[in-house]
Amino acid sequence: AFDAGNGNLLISADYSQIELVILAHLSKDKNLCQAFLTGNDVHKVTASKIFEVSTDEVTPEMRRTAKTINFGVIYGMSAFRLANELGISRTTAKNFIDSYFATYSGVQDFINSTIEKAEENGFVETISGRRRYIKAINSANKLEKSGAERIAINTPIQGSAADIVKKAMIKVNTELKQKFPEAKLLLQVHDELIAECPENQAEQVADLIKNSMESIITLDIPLKA
């Protein structure tokens, strides 16, 4: 869809694990925060804890399982869905999820308290205070209720990520116009910004984008782009 013009380059910058960083920030879970602050691969750390092996012994398959669980938790993934996704038994999937919450008990507390607040207030908020009202959160219908709970857990995480990326997009666009008028921001896709600039300015523009994205908000876990 996009092709850099003559003498130009495309620059792609994306946030590293932004949703899991936000989950760590919101839940204050010690183990999850520690995994990020020590600069370790968070999926490897989760795998080593779930499978009870050292990080050096984690296989690509173990890491893939841990990654699915790390992101699955954000979407309120059930043992049934995890079993289908990984091609394992429901009992094994449930054991993995139980092991995850035993390791990251702060995440379980965050989920419980978020649902409780949603039931009480009828809405949840992103880090920047943007609200999402959830009508079905107190529904007597089990299906509606569980769907509403998934929205309640997911919104503060994904919604905050969306807010952060939009703010970064505005900041990058403003700074490019001031400092590198020949460069232009083309796209924002999920947690990624894509710009085009003259080849001889590429390194400076890349630094500007990276610094703008990383300094847009202060969280307990520093954002990395």
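Side-chain atoms are counted along with the backbone in the values below, which use heavy atoms only and exclude waters and symmetry mates. Starting from 1, each residue takes its place in the sequence as its number.
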Candidate list L187, I11, N173, V172, test side chain to side chain contact (heavy atoms under 4.5 Å, CB included), partner L193, passing option | V172
Mind checking whether [X] and [Y] have side chains closer than 4.5 Å, heavy atoms only?
X: F71; Y: L20; result: yes
X: P156; Y: T114; result: yes
X: V45; Y: T38; result: no
X: L208; Y: K179; result: yes
X: T55; Y: N40; result: no
X: Y15; Y: I164; result: yes

Cluster partners of F123, using ILVMFWY side-chain heavy atoms under 4.5 angstrom, listed by chain and number?
-> Y133
Taking [Y]'s backbone N and O only, do any of them form a donor-acceptor pair with [X]'s side chain (distance below 3.5 Å, no angle check)?
X: E196; Y: L186; value: no
X: N121; Y: K117; value: yes
X: H25; Y: D220; value: yes
X: R130; Y: G159; value: yes
X: D29; Y: G106; value: yes
X: N154; Y: Y75; value: no
X: Q188; Y: H190; value: yes

So how far is it from [X] [atom1] to [Y] [atom2], rounded to the nearest 0.5 Å?
X: R150; Y: I74; atom1: CZ; atom2: CD1; answer: 14.5 Å
X: T46; Y: N70; atom1: OG1; atom2: CG; answer: 3.5 Å
X: E52; Y: S99; atom1: CD; atom2: OG; answer: 6.5 Å
X: I115; Y: I111; atom1: CD1; atom2: CD1; answer: 7.0 Å
X: I209; Y: C197; atom1: CD1; atom2: SG; answer: 7.0 Å
X: F36; Y: I221; atom1: CZ; atom2: CD1; answer: 7.0 Å

Stepwise side chain to side chain donor-acceptor pair (under 3.5 Å) test for S54 and E57 = CA-CA 5 Å; S54 72; E57 294 172 289; 3.1 Å; yes
Are a donor atom and an acceptor atom from the side chains of [X] and [Y] found within less than 3.5 Å of each other?
X: T126; Y: D163; value: yes
X: S89; Y: T92; value: yes
X: K30; Y: S105; value: no

Treat each ILVMFWY residue as a node, draw an edge where side-chain heavy atoms are under 4.5 Å apart, and state whether M169 and L10 are in one component.
-> no
same_hphob_cluster(M77, L86) at 4.5 Å side-chain heavy-atom cutoff | yes
Restricting to side chain to side chain donor-acceptor pair (under 3.5 Å), what partner residues turn up for [X], sequence neighbours left out?
X: T155; answer: R132
X: T91; answer: none
X: K145; answer: E119, E149

Residues passing the ring-ring contact (aromatic ring centres under 6.0 Å, His included) test with F110, sequence neighbours excluded, are none
Kindly write out the residues that satisfy ring-ring contact (aromatic ring centres under 6.0 Å, His included) with F2, not counting sequence neighbours, or none if the list is empty.
-> none
[X] atom [atom1]: more than 12 heavy-atom contacts under 6.0 Å:
X: K171; atom1: NZ; result: yes
X: E192; atom1: CD; result: yes
X: E203; atom1: CD; result: no
X: K28; atom1: NZ; result: yes

Close aromatic pair by centroid cut-off 6.0 Å: Y100 and F96 | no
Would you call E61 and R64 a salt bridge, using N to O less than 4.0 angstrom?
-> yes
